[in-house]
Amino acid sequence: MKFTKMHGCGNDYVYFDCTEKEIKDEAAAAIALSDRHFGIGGDGIIIIKKGKKADFEMVMYNADGSRGAMCGNGIRCVAKYVYDNGLTDKTSVSIESMGAVKYIDITAENGKAKSARVDMGVPILNAENIPVKSDKERVIDEPITVDGREYNMTCVSMGNPHAVVFINESPKDFPLEKVGPLFENNSVFPDRTNTEFIRVIDRKNLEMRVWERGSGETLACGTGACASAVAAILNGYADNDLTVHLLGGDLEISWSGDENDSVFMTGPATTVFTGEIEI
């Protein structure tokens with residue numbers, strides 16, 4: 001099958017056009033193809049199909065073969081893929097993932113999509129729906145002890161669960177490889193969790209590292225950047241329009257602070273290379 005390697009701020013996936021054909025064992029393909037030594041290499045694979053409730057469907061698998069509900073960087077790349085490859089000529093497209101429909105506005109330059117602005121939907125703050133075990137309806141600035149250190153976390157779902165932790169040190173100096181898995185598999189998260197470790201630079205800038213469930217550390221996480229912005233605004237640390245600085249690049253996030261309003265994310269989408277592989 002033909003494939004395209006793409007990334008959004010370094011969050012890289014292998015993309016397949018399955019609007020006319022299919023991959024029989026998608027989870028097994030994700031595990032094999034994501035391997036950076038014996039496969040193509042990536043944080044997972046994303047399969048593009050014809051949409052039932054939207055223009056297109058995004059089917060995302062993490063590197064461990066688990067199904068992902070949403071990927072903010074991935075959905076921007078899907079928008080670029082369908083535009084650049086002539087699957088649509090529209091600069092405003094709808095893409096569904098596990099039943100949730102997102103709306104994307106594409107910025108094109110010389111006939112190619114350069115960046116995309118995504119309506120990421122309304123943040124989910126109810127603990128039961130994230131899900132996170134708590135005796136409170138919302139988990140905002142709540143203490144949690146991991147590996148003997150007490151952290152304060154704010155939990156948000158952007159279609160997938162996030163625990164946002166604000167730290168004083170630079171995330172680059174934080175022992176993410178040790179602490180990340182302990183958060184991901186903590187018993188308070190029934191479906192595991194993605195965890196963002198955030199340093200507030202000022203009211204318009206956040207520095208972030210992320211540990212993604214099923215993939216480990218990635219260079220960027222779009223839903224995580226959105227969740228972090230929501231958490232920063234809820235805790236009074238940030239303004240409504242801000243930049244999240246990730247290891248792989250920057251994402252612009254906007255949220256009014258009204259829990260009934262959508263979060264908007266703007267960022268790049270980049271094609272790395274194309275090829276063919278036997279599956």
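Position 1 is the first residue of the sequence, and the numbers go up from there. Values in this document were obtained by computation on a predicted structure and should not be read as measured data.
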Q) Less than 4.5 Å apart, any side-chain heavy atom of Val82 and any of Ile48? A) yes
Q | Those residues that, when tested against Phe166, pass ring-ring contact (aromatic ring centres under 6.0 Å, His included) (two or more places apart) | A | Tyr237
**Q.** Any Val244 side-chain heavy atom under 4.5 Å of Asp250 side chain
**A.** no
(Q) I need the full list of ring-ring contact (aromatic ring centres under 6.0 Å, His included) pairs touching residues 91-142, with sequence neighbours left out, sorted by first then second residue. (A) none
**Q.** Inter-residue atom distance Ile198.CD1 - Thr154.OG1, 0.5 Å rounding
**A.** 10.5 Å
(Q) Let me check something: do Ile46 and Leu87 share a hydrophobic cluster, defined by ILVMFWY side-chain heavy atoms less than 4.5 Å apart, either directly or through other members? (A) yes
Q. Can you tell me how far the CD atom of Glu278 sits from the CD atom of Glu276, to the nearest 0.5 Å?
A. 10.0 Å
Q: Could you point out which residue of Asn240, Leu242, Asp241, Ile233 forms a side chain to side chain contact (heavy atoms under 4.5 Å, CB included) with Trp255?
A: Ile233
Q: Check whether more than 12 heavy atoms from other residues, nucleotides or ligands sit under 6.0 Å from atom CD of Glu217, and answer yes or no.
A: yes
Q. If you group Ile, Leu, Val, Met, Phe, Trp and Tyr by side-chain heavy-atom gaps below 4.5 Å, do Phe197 and Ile253 land in one group?
A. no
Q.
Looking at every heavy atom in both Glu212 and Asn194, which two are closest together, and how far apart are they?
A. CA-OD1, 3.4 Å
Q | Residues Glu20 and Lys50 bridged, charged N to O under 4.0 Å | A | yes
Q.
Which residues pass the ring-ring contact (aromatic ring centres under 6.0 Å, His included) test with Tyr81, not counting sequence neighbours?
A. none
Q.
Within the structure provided, determine whether Arg192 and Pro161 are in side-chain contact (heavy-atom separation under 4.5 Å).
A. no
**Q.** Same cluster (ILVMFWY, side-chain, under 4.5 Å), Met208 and Met158
**A.** yes
Q: Could you tell me which non-hydrogen atom of Ala69 sits nearest to which non-hydrogen atom of Ser97, and how far apart they are?
A: O-OG, 2.6 Å
Anything under 3.5 Å between a donor and an acceptor, one on a side chain of residues 105-121, the other on a protein residue two or more places apart or in another chain? List them.
unit_1, atom_1, unit_2, atom_2, d
Asp105, OD1, Ser92, OG, 2.8
Asp119, OD1, Gly121, N, 3.0
Asp119, OD1, Ser262, OG, 2.9

**Q.** Considering all heavy atoms, the nearest Asp55-Val93 contact
**A.** OD2-CA, 3.4 Å
Q: May I ask whether Tyr83 and Tyr13 are part of the same hydrophobic cluster, defined by side-chain heavy atoms of I, L, V, M, F, W, Y residues being less than 4.5 angstrom apart, directly or through others?
A: yes
Which pairs of donor and acceptor atoms, one on a side chain in residues 167-177, lie under 3.5 Å apart (sequence neighbours left out)?
unit_1, atom_1, unit_2, atom_2, d
Glu169, OE1, Arg149, NH2, 3.4
Glu169, OE2, Arg149, NH1, 3.2
Ser170, OG, Lys172, N, 3.3
Ser170, OG, Glu207, OE2, 3.1
Glu177, OE2, Arg209, NH2, 3.4

Q | Heavy-atom side-chain proximity of Pro123 to Ser157 below 4.5 angstrom | A | no
Q | Same cluster (ILVMFWY, side-chain, under 4.5 Å), Val156 and Met70 | A | yes
Q: Please test Asn205 against His245 for side chain to side chain contact (heavy atoms under 4.5 Å, CB included), starting from the C-alpha separation and ending with a verdict.
A: CA-CA 7 Å; Asn205 293 276; His245 303 276; 2.7 Å; yes
Q. What's in the same ILVMFWY side-chain cluster as Leu247, cut-off under 4.5 Å, chained through other members?
A. Leu219
**Q.** Over all atoms of both residues, closest heavy-atom pair of Met60 and Asn62
**A.** CE-OD1, 3.2 Å
**Q.** Considering all heavy atoms, the nearest Gly8-Cys77 contact
**A.** N-SG, 3.8 Å
Solution key, residues 130-140 side-chain donor-acceptor pairs under 3.5 Å, sequence neighbours excluded:
unit_1, atom_1, unit_2, atom_2, d
Lys133, NZ, Ser187, O, 3.4
Ser134, OG, Lys136, N, 3.0
Lys136, NZ, Glu142, OE1, 3.4
Lys136, NZ, Glu142, OE2, 2.9
Arg138, NH1, Glu259, OE1, 3.4
Arg138, NH2, Glu259, OE1, 2.7
Arg138, NH2, Glu259, OE2, 3.1

**Q.** Residue pair Ile95 / Glu57, side-chain heavy-atom distance below 4.5 Å
**A.** no
Q) When you look at Val210 and Thr195, which way does the side chain to side chain contact (heavy atoms under 4.5 Å, CB included) test go after all the steps? A) CA-CA 6 Å; Val210 58; Thr195 312; over 6 Å; no
Q: With sequence neighbours left out, write down each residue that passes ring-ring contact (aromatic ring centres under 6.0 Å, His included) with Tyr15, or none if nothing qualifies.
A: none
(Q) Does either side chain, that of Thr193 or that of Glu184, offer a donor lying less than 3.5 Å from an acceptor on the other one? (A) no
Q) Do you see a donor-acceptor pair shorter than 3.5 Å between the side chains of Asp43 and Thr218? A) no
(Q) I'd like to know if the side chain of Thr223 pairs up with that of His162 as donor and acceptor (distance under 3.5 Å, no hydrogens or angles considered). (A) yes
Q. Is there a side chain to side chain contact (heavy atoms under 4.5 Å, CB included) between Arg76 and Met265 once you walk through the steps?
A. CA-CA 10 Å; Arg76 294 199 315 275; Met265 173 191 64; 3.5 Å; yes
Q. Hey, what do you get for CG (Asn126) to SG (Cys155), rounding to the nearest 0.5 Å?
A. 11.5 Å
Q) Can you tell me how far the CZ atom of Phe183 sits from the CE atom of Met153, to the nearest 0.5 Å? A) 7.0 Å
Q | Those residues that, when tested against Lys204, pass side chain to side chain contact (heavy atoms under 4.5 Å, CB included) (two or more places apart) | A | Asp202, Asp239
Q. Which residues satisfy the side-chain hydrogen bond (donor to acceptor under 3.5 Å, both in side chains) test with Asp64, sequence neighbours excluded?
A. Ser66
Q) With ILVMFWY side chains joined below 4.5 Å, transitively, what does Val59's cluster contain besides itself? A) Met1, Phe3, Val14, Phe16, Ile23, Leu33, Ile40, Ile45, Ile47, Tyr61, Val272, Phe273, Ile277, Ile279
(Q) I'd like to know if the side chain of Asn73 pairs up with that of His7 as donor and acceptor (distance under 3.5 Å, no hydrogens or angles considered). (A) no
Q | For Ser215, all residues meeting side-chain hydrogen bond (donor to acceptor under 3.5 Å, both in side chains), sequence neighbours excluded | A | none
(Q) Test side chain to side chain contact (heavy atoms under 4.5 Å, CB included) on Asn186 and Ile144; report intermediate values, then the result. (A) CA-CA 10 Å; Asn186 194 288; Ile144 182 173; 4.1 Å; yes
Q.
Main chain of Lys53, side chain of Glu96: is a donor-acceptor contact present, judged purely on distance under 3.5 Å?
A. yes
Q: Please report the closest heavy-atom contact between Ser228 and Leu206, naming both atoms and the distance.
A: O-CD1, 3.9 Å
Q. Is the closest side-chain donor-acceptor distance between Thr19 and Asp17 under 3.5 Å?
A. yes
